[in-house]
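Structure first, then comments.
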Amino acid sequence: MELQWPLILFTFFLCLAGGILLAQGVLTCAGKGKKMQLVSLIAAAIALVVGGIAVFLHLQHWERIFNGFGHITSGITLEFVGCIVFAVVLVLYFLMMRRSEDGMAPKWCGILAIVVGAALPIVTGMSYLMPSLPVWNTPLLPVYYLCNTVLMGGLSALVIAGATGADDVKGLAIKLVVAGGIAQLVVVAAYAVAISSMGGLYSDVTYYFDPTLPDVGMVDTDAVVGSLFTGSQALAFWLGAVILGSVVPVVLGIVARTVSDVKKLAAYAAAGLVCAVIGGLCWRSILYVVAVSVFALY
């Protein structure tokens, strides 16, 4: 399948928005991150809006969004509802923060932020589960989005902490980075193995004939889905998704434990976030390249 950059950016920015809110929720529950609350909310809102703009570019016209509302379980409906709930929680958190006497949102707001911040990428991933695309039709997809959300949330929290002078978030934020990065590495590896073993699946369902393209030859599915480790996608997989996307952020997070200055800590986190962004985009792009449709049955 050709790359659909609006959708790639849509899932990326939704994970980023969810990660920022989730990390702020964790800090709030621990009574930390007071100085960075407002900036976190603004950053999450901006990421949500940018993601929304990206998906509208995919639709090419805003009216087309209503084509997906025919059923409550349709992917676009789930995504839309998730974005609306996310926006409501942002507003609620802001109001409770401003209403609080000490300027710190109550812990129940933190719990709500964690739940919604984690639910948004999961719902987004579930909306892409479809039998016609076997490579996407696996629970590993929403799990990857969740791990990516935790990783980018921890890194974003450290960057925001450096910008706002919040010097009490280091420990928790680094734990999110390390936990999210290691979990993401495991999921990406498992996902890659699963994809590489899917070549025989297509022959089992008598793939491949697309009645709309009768003059196009059959696709070598074994070559496509088996290209991750040593094939055409190997560089993007190993250097992008694995090393830059997961290993480097974890290493930087571990090294950052010894850094006491919040500004230097933010610099480490910013470098890790850049690597996580590159790796996340590489993996999302790979998922489109190896996504071969089962036209014969669906």
Side-chain angles (χ1 to χ4, degrees), residues 11-33 36 40 43-44 47 107 110-125 138-162 166-193 240-260 262 265-284:
T11 60
F12 166 76
F13 279 107
L14 256 62
C15 287
L16 179 61
I20 294 173
L21 185 62
L22 182 149
Q24 184 59 54
V26 171
L27 295 173
T28 300
C29 290
K32 302 179 183 296
M36 57 185 285
S40 293
K107 290 187 177 181
I111 296 174
L112 189 60
I114 294 172
V115 172
V116 174
L120 183 61
I122 293 176
V123 170
T124 301
T138 167
L140 289 171
L141 182 59
V143 172
Y144 166 76
Y145 283 156
L146 177 60
C147 295
N148 190 233
T149 294
V150 175
L151 172 62
M152 292 198 295
L155 292 169
S156 299
L158 291 172
V159 173
I160 295 172
D167 55 2
D168 59 345
V169 308
K170 172 183 172 182
L172 276 177
I174 290 179
K175 288 180 180 178
L176 288 175
V177 172
V178 175
I182 293 176
Q184 178 177 281
L185 180 60
V186 172
V187 172
V188 167
Y191 204 166
V193 171
V242 174
I243 297 178
L244 291 178
S246 300
V247 176
V248 173
V250 170
V251 172
L252 289 175
I254 294 174
V255 173
R257 292 176 182 271
T258 62
V259 179
S260 57
V262 68
L265 186 63
Y268 277 93
L273 184 58
V274 170
C275 292
V277 169
I278 295 173
L281 294 178
C282 282
W283 182 244
R284 286 170 172 82

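The model shown is predicted, which means the values in this text are computed figures rather than measured ones. This chain uses plain numbering: 1 for the first residue, then up along the sequence.
Scanning all heavy atoms of the two residues, the minimum distance from Cys15 to Arg284 falls at SG-NH2, 3.3 Å. Nearest approach of Val177 to Gly253, heavy atoms of both residues: CG1-CA, 4.3 Å. Contact record, Val255 with Thr258: O-OG1, 2.8 Å, taken as the closest heavy-atom pair. Smallest separation of non-hydrogen atoms from Gly110 and Cys29: C-SG, 3.6 Å. Across Leu120 and Thr124, no two heavy atoms sit closer than the pair O-OG1, 2.8 Å.
Val274 is linked by a side-chain contact (heavy atoms from CB on, under 4.5 Å) to Ile278, counting only residues two or more places apart in sequence or in another chain. Considering only residues two or more places apart in sequence or on other chains, Cys275 meets the side-chain contact (heavy atoms from CB on, under 4.5 Å) condition with Leu244, Val248, Pro249. Remark: Ala271 pairs with Leu252 by the side-chain contact (heavy atoms from CB on, under 4.5 Å) rule, at least two apart or across chains.
Here the CG-CZ distance, from Leu265 to Arg257, works out to 11.0 Å after rounding to the nearest 0.5 Å. Between the SG atom in Cys147 and the CG atom in Leu140 there is a gap of 9.5 Å [rounded to 0.5 Å]. We find the OH-CD1 distance between Tyr144 and Ile122 to be 14.5 Å, quoted to the nearest 0.5 Å. Note: Leu112 CG to Lys107 NZ = 16.0 Å, rounded to the nearest 0.5 Å. To the nearest 0.5 Å, atom CG of residue Leu141 and atom CG of residue Leu146 are 11.5 Å apart.
Judged by distance alone, the side chain of Asp168 and the main-chain N or O of Gly33 form a donor-acceptor pair under 3.5 Å. Between the side chain of Lys32 and the main chain of Lys170, no donor-acceptor pair closer than 3.5 Å is present.
With contacts defined as side-chain heavy-atom distances shorter than 4.5 Å, the pair Pro121/Leu14 does not qualify. Phe12 has its side chain within reach of Val277: a pair of non-hydrogen atoms, C-beta onward, lies under 4.5 Å apart.
Within the structure, no pair that satisfies the side-chain hydrogen bond (donor to acceptor under 3.5 Å, both in side chains) test touches residues 272-281, not counting sequence neighbours.
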Exercise answer: donor-acceptor pairs, residues 21-28 side-chain atoms, under 3.5 Å, sequence neighbours excluded:
{"unit_1": "Gln24", "atom_1": "OE1", "unit_2": "Ser40", "atom_2": "OG", "d": "2.9"}
{"unit_1": "Gln24", "atom_1": "NE2", "unit_2": "Thr28", "atom_2": "OG1", "d": "3.4"}
{"unit_1": "Thr28", "atom_1": "OG1", "unit_2": "Gln24", "atom_2": "O", "d": "2.7"}
{"unit_1": "Thr28", "atom_1": "OG1", "unit_2": "Tyr93", "atom_2": "OH", "d": "2.5"}

Which side-chain N or O atoms in residues 179-191 pair as donor and acceptor under 3.5 Å with protein atoms at least two apart or in another chain?
{"unit_1": "Gln184", "atom_1": "OE1", "unit_2": "Asn148", "atom_2": "ND2", "d": "2.9"}
{"unit_1": "Gln184", "atom_1": "NE2", "unit_2": "Gly245", "atom_2": "O", "d": "3.0"}
{"unit_1": "Gln184", "atom_1": "NE2", "unit_2": "Ser246", "atom_2": "OG", "d": "3.0"}
{"unit_1": "Tyr191", "atom_1": "OH", "unit_2": "Val135", "atom_2": "O", "d": "2.7"}

Please tabulate, for side-chain N and O atoms in residues 149-162, each donor-acceptor pair with protein atoms closer than 3.5 Å (sequence neighbours left out).
{"unit_1": "Thr149", "atom_1": "OG1", "unit_2": "Tyr145", "atom_2": "O", "d": "2.8"}
{"unit_1": "Ser156", "atom_1": "OG", "unit_2": "Met152", "atom_2": "O", "d": "2.7"}

